[in-house]
Amino acid sequence: MRTRLLALFLFLAATAFAAAGPVRAGFDKAYPPFEYLDASGKPAGFTVELARAVAREMGFELELVGGEWDAIKADFAAGRLDMLTGLLYSEERDRLYDFSTPHSSLSYSLFVRRGASAGERLEDYRVLRLGCQEGDFIHERLLELGLRPILFANPGLALEALARRELDAVVAPKPVGYHEIKQRGILGLESVGSAFFPRRYCFAVRSDNYDLVSRLNEGLALVKLSGEYDRIFDARLGVFEPKTGGPAEILIWVALVAGPLGIIALGATLLSRRLKRVVEERTAELRALNEELELRVEDRTEALRERAKELAAAHGEALAANNRLEAAIADLVAMRSSLIRAERRAVVGRLAAGLAHELNSPLAALRSAAESLASLVEGRFSALMPFLRSADLARMAVFSELLLASRDAGSRLVSRAERRATEAALGAAGLGDREEAETLSELFADMGLSAESLPLPELAALPKEDRLRLVAAVSETAAFTRLASIVVAEVGRAAGVIGALENYDRSLPRPAAFPVDLASTLDKVVGFFGDRFGGGVQLAKDYAADLPPVLGEEERFLVVWMNLVENSLEAMAGEGRLSITTSRDGAEALVAFEDTGPGIPADKVPELFTPYGANRRAAAGEGLGLSAAAAIVEEEGGSIGFENSMSGGSRIVVRLPLSVPVPRP
C-alpha cells in the first residue's frame with residue numbers, strides 16, 4: 001500500500017512539472033568563468049553548462065536568459081524567471097528564496113596593482129578607492145562593514161579602472177578576476193592577502209517552487225555520480241580552483257561522513273526509477289479502464305433513449321421496458337461504485353502528496369546538518385585540532401567546563417541583552433580589549449551560554465591567543481554535537497510523520513510510554529525553528545514551573561508541536577507573535593499555542609482537524625499537519641481544541657493526562 005501511495009505521488013508530481021513548460025533560468029552575462037555570453041553571444045560558463053546537464057538528466061526543457069546582473073535579479077524577484085544558475089547563499093537571501101544543494105563554493109580576494117602597498121585587508125581601504133560589482137554579494141557585505149565602494153556593472157570593468165589607476169583595489173572572486181585579466185589583456189595586476197567571505201554557490205528558485213528545487217537537487221546528485229560534474233568543473237574552473245588532498249585521505253573522509261548519505265541517495269534513485277515503471281504500468285491500466293467505462297456509459301445512454309421512445313409509442317410494451325430499465329439502473333449503480341473507488345484513489349494520491357510535503361522539512365534540516373557536519377570534517381576542526389595538540393591540564397579543565405556548560409544549555413536562545421551583559425562581564429574580568437570581548441561573547445551566545453555560566457577567572461588567567469583558540473575549539477565541538485543531535489531528532493521527526501499516516505491503521509502496535517517533560521520537548525521544537533524567530537515574528541514562552549511529566553513517547557509529542565508551530569508560522573507569514581504556554585488543570589496538562597494570524601472562519605472550525613479540512617496549510621498543497629497532530633493527541637489519551645483569540649488570531653489548546661495521581665483536596 002505504501003509503495004502505491006509513493007508511486008501515485010511521483011506520477012502526479014512529474015505530470016504537473018512537465019505541464020508547466022520550459023524552466024526559465026537567469027544568469028549574469030559578464031561573470032566568467034562561472035556564467036557569461038561568449039564571443040558569439042551564446043550562454044557559456046560553469047553554472048550554465050551545469051544547469052544544462054541537470055536539465056538533460058531530469059528531462060525538462062531549459063531556457064537560458066542572460067543580462068545585466070541587477071536586471072536579472074529584478075526579473076527573478078518579480079517572478080519572470082524560475083531560477084538563477086548561480087547565487088551565493090546567505091541567511092538573508094534564504095528568507096526570500098529556496099536554494100539547491102551547493103554546486104560549488106566561492107570566496108573573494110583583493111586585486112591591486114603589482115608592487116602597490118595599499119594593504120591586504122578590507123579595513124585598510126576605508127579611506128581609499130575600492131571597486132566591486134554592483135548588486136553582487138560583496139556589495140552588500142562592504143556596505144555592512146561601513147565601506148563605500150565604487151560600483152561597476154561587472155568585475156572586468158572594475159579591473160580595467162584599477163589598471164588605469166582610477167582605483168586603489170578591486171574586490172572580486174579570484175577565478176572571475178584572473179579570467180577577466182587574461183581575457184581583457186590587463187597587465188600589472190595581482191591578488192593579495194587571504195581569501196574572505198567564503199560562501200556556498202547554489203542554484204536559486206522562488207520559495208514556493210518546491211518541485212523545481214527537488215528536481216535540481218536530484219539532477220545535481222546524478223550529474224555528480226555520472227562524472228559529468230567533474231568534466232565541467234575541470235574544463236571551466238580547474239585552472240583556477242585546483243583540487244587538494246590525497247586520494248587515501250579523501251577516501252577515508254568520504255567513507256566516514258558521506259558514505260551513509262550516498263547510500264541513501266543511491267537507494268532513493270533506484271526506488272524512484274522502479275516506481276516510475278510501476279506508475280507507467282498503472283497509468284496504462286487506468287486509461288484502458290476509463291475508455292471501457294466511457295463506451296459502456298454511451299451504450300447504456302443510447303439504450304435508455306430507445307426504450308423511452310418505445311414507452312411513448314406503445315403502452316403495451318411498458319412492462320417489458322420497465323424491466324429493461326431496472327436492469328440498466330443496476331448497471332449504473334455498479335458504475336457508481338467504480339467511480340467511488342476512483343475517488344478514493346484520488347484521495348490516496350492527495351495523502352501521498354501531503355506526506356511528501358511533510359517530509360520536506362526534516363529532510364531539509366538533515367541536509368543542512370549534514371552539510372555543516374561535512375564542512376567541519378573537511379576543515380579538519382580548524383580550531384579544535386591545534387588546541388588539543390598544545391593544551392595542558394589547566395586548559396583542558398577550562399575546555400571541559402565550558403563544553404559541559406554548552407551541553408547543559410542545549411538549544412537555548414541567548415537574547416541581545418544577555419550578549420551585552422556577557423560582553424560587559426568579560427571586559428570587567430580583564431578579558432582583553434573590546435574587540436576580543438565582542439568575539440568571545442558571540443561565540444558564547446552561539447553555544448547558548450551567558451555570563452553567569454562562564455569560568456571567568458580561569459579564562460582571564462590565559463593569554464589572549466590561548467583564550468580565543470580554546471573558546472573556538474569548544475564552539476566547534478559543541479557545534480558538532482548539536483548538529484549530530486539535530487540529525488537524530490530530524491530522523492525521528494521523519495519517522496513520526498510516517499507514523500502519523502499509519503495512525504489511520506489501528507492494527508499497528510502502540511509504542512511504549514515513558515514520562516515526558518513537556519517544557520523540554522517544546523524547547524527542542526523552538527530550537528529547530530530558531531532562524532524563523534527574532535525578525536518579524538516574536539516568540540513568547542510561559543511554562544508552569546510545577547508541571548509534572550505526561551506519559552507517552554517523546555518523538556510523537558515532537559511531531560505534534562512541530563505541526564502546531566509550523567501552522568502558526570505559516571499563518572503569520574513572517575510577521576506577528578507566537579505565545580506558547582503550559583499550565584495545569586486538575587489531572588491534565590494544558591499546552592496552548594496562540595498566534596496573531598488571520599484566524600479561522602467559524603463555519604470552517606469543525607473541519608480544522610480533518611485531513612485536507614480548513615487548516616491554513618491545505619491551500620499550499622498539504623493538509624495532514626493538524627489532522628496528524630489530533631490523531632496522536634487522541635491516542636495519547638488527550639484532546640485538542642481551537643478558538644479564535646481576542647487578538648483576532650488563533651488559539652489551539654492541547655490537553656494531556658498527567659502521569660502522576662492528583663492529590664485529593
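Just so you know, these numbers come straight off a predicted model, no measurement behind them. Just so you know, these numbers use all the heavy atoms, side chains as well, and skip hydrogens, waters and symmetry mates.
The closest side-chain heavy-atom distance from Arg577 to Leu539 is not below 4.5 Å. Between Arg93 and Leu96 there is no side-chain heavy-atom pair separated by less than 4.5 Å. At a threshold of 4.5 Å between non-hydrogen side-chain atoms, the residues Leu81 and Phe27 do not count as touching. Between Arg200 and Leu88 the shortest side-chain heavy-atom distance does not fall below 4.5 Å. In this structure, the side chains of Val171 and Pro149 stay at 4.5 Å or more apart for every pair of heavy atoms. Side-chain contact between His103 and Phe46: present, with at least one pair of heavy atoms (C-beta onward) separated by less than 4.5 Å.
Salt-bridge check for Asp82 with Arg24: failed, with every basic side-chain N at 4.0 Å or more from each acidic carboxylate O. A salt bridge links Glu228 with Arg231: at least one charged nitrogen is closer than 4.0 Å to a carboxylate oxygen. A salt bridge links Glu144 to Arg141: one of the charged nitrogens lies within less than 4.0 Å of a carboxylate oxygen.
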### Task
Please step through side chain to side chain contact (heavy atoms under 4.5 Å, CB included) for the pair Glu180 and Asn154, ending with a clear verdict.
CA-CA 10 Å; Glu180 289 289 79; Asn154 57 68; 4.1 Å; yes

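Using modelled atom types, one finds a donor on one side chain and an acceptor on the other under 3.5 Å when comparing Asp94 with Tyr89.
A cation-pi arrangement is absent between Arg199 and Phe197, since the terminal nitrogen or guanidinium carbon is not both under 6.0 Å from the aromatic centre and inside a 45° cone about the axis.
Proximity of the aromatic rings of Tyr178 and Phe111 is defined here by a centroid distance below 6.0 angstrom, and this criterion is met.
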